[in-house]
Amino acid sequence: MNKLIELIEKSKNIAITGHVSPDGDCTGSTLGLYNYITENYKDKQVRVCLEKPSMKFSYMNGFGLISENPFMDADLVVSLDASDRERLGSRGVLLDIAKESLCIDHHITNTDFAKFNIVEDFRSSTCELLYTLLEKEKVSVNTAICLYTGIVHDSGVFKYQSTTKETMDIAGELIAKGFDFTKIIDDTYFKKDFNASKLLGLVLTNAKLEFEGKCCYGVLDFDTWSKYISDKKKMDGIIDNLRNINGVEIALFMYETEKNEYKVSLRSINKNVSTIAAALGGGGHIRAAGATVYGNADEILKDKILPMIEKELNG
């Protein structure tokens with residue numbers, strides 16, 4: 001018996017949480033575990049404590065029950081897809097309240113911040129790792145939909161180098177549960193609404209190339225992006241379009257979340273951007289990482305980020 005199942009069986013009130021600004025992997029893993037527990041352990045009280053994810057994930061069972069408030073009576077908190085306590089935001093208090101805590105994650109920068117930690121950084125996604133911890137015959141179609149979504153999103157629809165034979169095998173096992181997997185990919189990974197598409201066009205129009213075309217970056221201030229969209233989650237995917245430009249080795253996208261606060265996303269083909277993100281106070285994977293930075297965007301780029309990118313490119 002692995003530690004996850006052991007802790008579930010010992011606990012009555014269970015809080016499931018994940019990182020701020022939840023993406024497909026975070027949303028899929030938290031709701032996947034929620035469905036697994038509620039369907040197989042009827043005596044458990046379970047709550048998903050998370051910032052509200054993008055509505056494009058609302059097809060997942062349990063989406064409407066997500067609460068941003070911590071589950072104060074929890075005796076077990078399971079953190080999914082978060083590399084450190086700070087990434088949990090206000091829900092980090094759960095680590096102090098719950099009797100037991102377990103972190104399940106696949107980030108190379110994970111700090112082992114829970115009492116128990118299951119971290120495998122070679123996995124394509126936290127959803128892939130989570131599936132290996134569950135009893136396969138007890139995984140329902142509801143759970144499978146959630147886990148498949150997370151694998152799709154964090155593997156870049158199976159194109160990132162973290163994708164392995166086991167990733168594909170697990171995806172196949174999930175598909176065998178019976179659901180429209182092509183619709184999940186189309187609706188949540190590729191499709192964008194009209195205004196989000198126009199914003200992407202604006203970023204690409206104003207993007208800059210540095211270091212002989214090996215770095216491409218784009219920056220948006222709050223006033224600009226908020227004219228097009230009201231939900232910042234709709235900027236998901238912009239960084240991938242910058243990385244897909246021919247010759248680009250490292251892509252950078254920054255957008256202002258509030259006055260002089262910027263969310264930074266980094267992607268690479270073969271370089272290690274996790275070290276750059278860590279130096280900025282963030283973290284992530286070798287080829288996909290991010291951080292939050294403060295100050296003037298031009299100064300941050302010139303004095304901090306671009307010099308680190310240049311060093312990594314020449315390393």
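Counting begins at 1 with the first residue of the sequence. For clarity, every value in this text was computed on a predicted model and none was experimentally measured.
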Could you check whether any side-chain heavy atom of M254 comes within less than 4.5 Å of a side-chain heavy atom of Y217, counting everything from C-beta outward?
no
Can you check whether F211's main-chain N or O pairs, donor with acceptor, with E310's side chain at less than 3.5 Å?
no
Stepwise salt bridge (charged side-chain N to carboxylate O under 4.0 Å, His left out) check, E249 with K271:
CA-CA 7 Å; E249 181 60 45; K271 298 296 183 178; over 6 Å; no
Short side-chain to backbone donor-acceptor contact, T163 and Y160, under 3.5 Å
yes
Are R91 and E51 close enough, and set up right, to give a salt bridge (charged side-chain N to carboxylate O under 4.0 Å, His left out), and what steps lead you there?
CA-CA 9 Å; R91 283 149 296 280; E51 285 183 13; 3.7 Å; yes
If you measure from the Lys or Arg side-chain nitrogens to the Asp or Glu carboxylate oxygens, is any gap between K138 and E39 under 4.0 Å?
no
Using the rule given for side chain to side chain contact (heavy atoms under 4.5 Å, CB included), can you reason through L242 versus L204, listing the C-alpha separation, both sets of side-chain angles and the distance that settles it, and then say yes or no?
CA-CA 7 Å; L242 295 172; L204 293 175; 3.8 Å; yes
What heavy-atom pair brings C103 and A82 nearest, and what distance separates the two atoms?
SG-O, 3.9 Å
Flag for N35-N61: side-chain donor and acceptor within less than 3.5 Å
yes
Does C127 reach the side chain of T149, with side-chain heavy atoms less than 4.5 Å apart?
no
Rounding to 0.5 Å, atoms CG (L80) and OG1 (T30) come to a distance of 6.5 Å
As an exercise, state the distance from CG of L200 to CG of N241, rounded to the nearest 0.5 Å.
4.5 Å
Does a side-chain heavy-atom distance below 4.5 Å link L95 with V77?
yes
Please work out whether the ring planes of H19 and H107 are parallel, tilted or perpendicular, with thresholds of 30° and 60°.
perpendicular
Sub-3.5 Å donor-acceptor pair from the side chain of K192 to the main-chain atoms of D236, do we have one?
yes
Atom NZ of residue position K136 - does it have more than 12 heavy atoms of other residues, nucleotides or ligands inside 6.0 Å?
yes
Knowing that exactly one of L252, V248, I250, N244 qualifies, which makes a side-chain contact (heavy atoms from CB on, under 4.5 Å) with C216?
V248
Kindly say whether K115 contributes a backbone atom to a donor-acceptor pair with the side chain of E100 at under 3.5 angstrom?
no
Under 3.5 Å, is there a donor-acceptor pair between the side chain of T109 and the main chain of G284?
yes
For atom NZ of K159, decide whether the heavy atoms of other residues, nucleotides or ligands shown that lie under 6.0 angstrom number more than 12.
yes
Grouping I, L, V, M, F, W and Y whenever their side-chain heavy atoms are under 4.5 Å apart, do V219 and I229 come out in a common cluster?
no
Is there a donor in the side chain of D84 and an acceptor in the side chain of T111, or the other way round, less than 3.5 Å apart?
no
Taking all non-hydrogen atoms of both residues into account, name the closest pair between F71 and L94 and its distance.
O-CD2, 3.5 Å
Can you confirm whether F253 sits close enough to L220 that some side-chain heavy atom of one is under 4.5 Å from a side-chain heavy atom of the other?
yes
Could you give the distance from CG (L134) to CG (L147), rounded to the nearest 0.5 Å?
6.5 Å
Could you measure the distance from the SG atom of C146 to the CG atom of L33? Nearest 0.5 Å is fine.
10.0 Å
Search all heavy atoms of I151 against all heavy atoms of S125 and return the closest pair with its distance.
CG1-OG, 3.4 Å
In one Ile/Leu/Val/Met/Phe/Trp/Tyr side-chain cluster, 4.5 Å: L50, V93:
no
Exercise: identify the closest heavy-atom pair between A277 and A289
CB-CB, 3.5 Å
Heavy-atom closest pair (S11 atom, L7 atom, distance to 0.1 Å) is OG-O, 2.7 Å
So, applying salt bridge (charged side-chain N to carboxylate O under 4.0 Å, His left out) with D193, which one of K234, K56, K233 is it?
K234
I5 vs Y41 side-chain heavy atoms within contact, under 4.5 Å
yes
Is M72 reachable from L76 through a run of hydrophobic residues whose side-chain heavy atoms are each under 4.5 Å from the next?
no
Check the side chains of H153 and D25 for a donor-acceptor pair under 3.5 angstrom, ignoring hydrogens and angles.
no
Look only at the side chain of E256 and the backbone of F222, and say whether a donor-acceptor pair between them is shorter than 3.5 Å.
yes
Test side chain to side chain contact (heavy atoms under 4.5 Å, CB included) on L130 and L4 and set out the steps.
CA-CA 9 Å; L130 177 59; L4 171 62; 3.7 Å; yes
Distance in Å, E128 CD paired with S162 OG, rounded so as to fall on 0.5 Å steps
8.0 Å
Donor-acceptor pair, side chain of R287 and main chain of I269, under 3.5 angstrom:
yes
If we only count heavy atoms from C-beta on, is the M308 to L280 side-chain gap below 4.5 Å?
yes
Mark yes when over 12 heavy atoms from residues, nucleotides or ligands other than N246 sit less than 6.0 Å from its CG; otherwise mark no.
no
Take K302 and D298 through the test salt bridge (charged side-chain N to carboxylate O under 4.0 Å, His left out) and record every step on the way to the result.
CA-CA 6 Å; K302 180 181 177 182; D298 290 336; over 6 Å; no
Do Y131 and V141 sit in one hydrophobic cluster, given that two such residues count as connected whenever their side-chain heavy atoms are within less than 4.5 Å of each other, even indirectly?
yes
Side chains of D154 and D23: closer than 4.5 Å at any heavy-atom pair?
yes
Donor-acceptor pair, side chain of Y34 and main chain of F63, under 3.5 angstrom
no
What are the two closest non-hydrogen atoms of G156 and Y189, and how far apart are they?
CA-OH, 3.4 Å
Could you walk me through whether N110 and D105 pass the side-chain hydrogen bond (donor to acceptor under 3.5 Å, both in side chains) check?
CA-CA 7 Å; N110 190 281; D105 185 38; 2.8 Å; yes
Six-ring centre of F57, K52 cation under 6.0 angstrom, axis tolerance 45°
no
Taking the side chain from W225 and the backbone from T257, do they hold a donor-acceptor pair closer than 3.5 Å?
no
I14 backbone acceptor or donor facing D75 side chain under 3.5 Å
no
Could you go step by step and tell me if K304 and V293 meet the side chain to side chain contact (heavy atoms under 4.5 Å, CB included) rule?
CA-CA 10 Å; K304 292 185 177 180; V293 296; over 6 Å; no
Identify whether the distance between the nearest side-chain nitrogen and carboxylate oxygen of R243 and D240 falls below 4.0 Å.
yes
Within this structure, what is the CD1-NZ distance for the pair I309 and K311, rounded to the nearest 0.5 Å?
13.5 Å
With clusters defined by side-chain heavy atoms of hydrophobic residues (ILVMFWY) lying less than 4.5 Å apart, directly or transitively, does V78 cluster with V139?
yes
With a 4.5 Å limit on heavy-atom distance, are the side chains of R85 and D96 in contact?
yes
Would R123 and T132 satisfy side chain to side chain contact (heavy atoms under 4.5 Å, CB included), going step by step from the backbone distance to the final call?
CA-CA 11 Å; R123 297 286 181 184; T132 68; 3.8 Å; yes
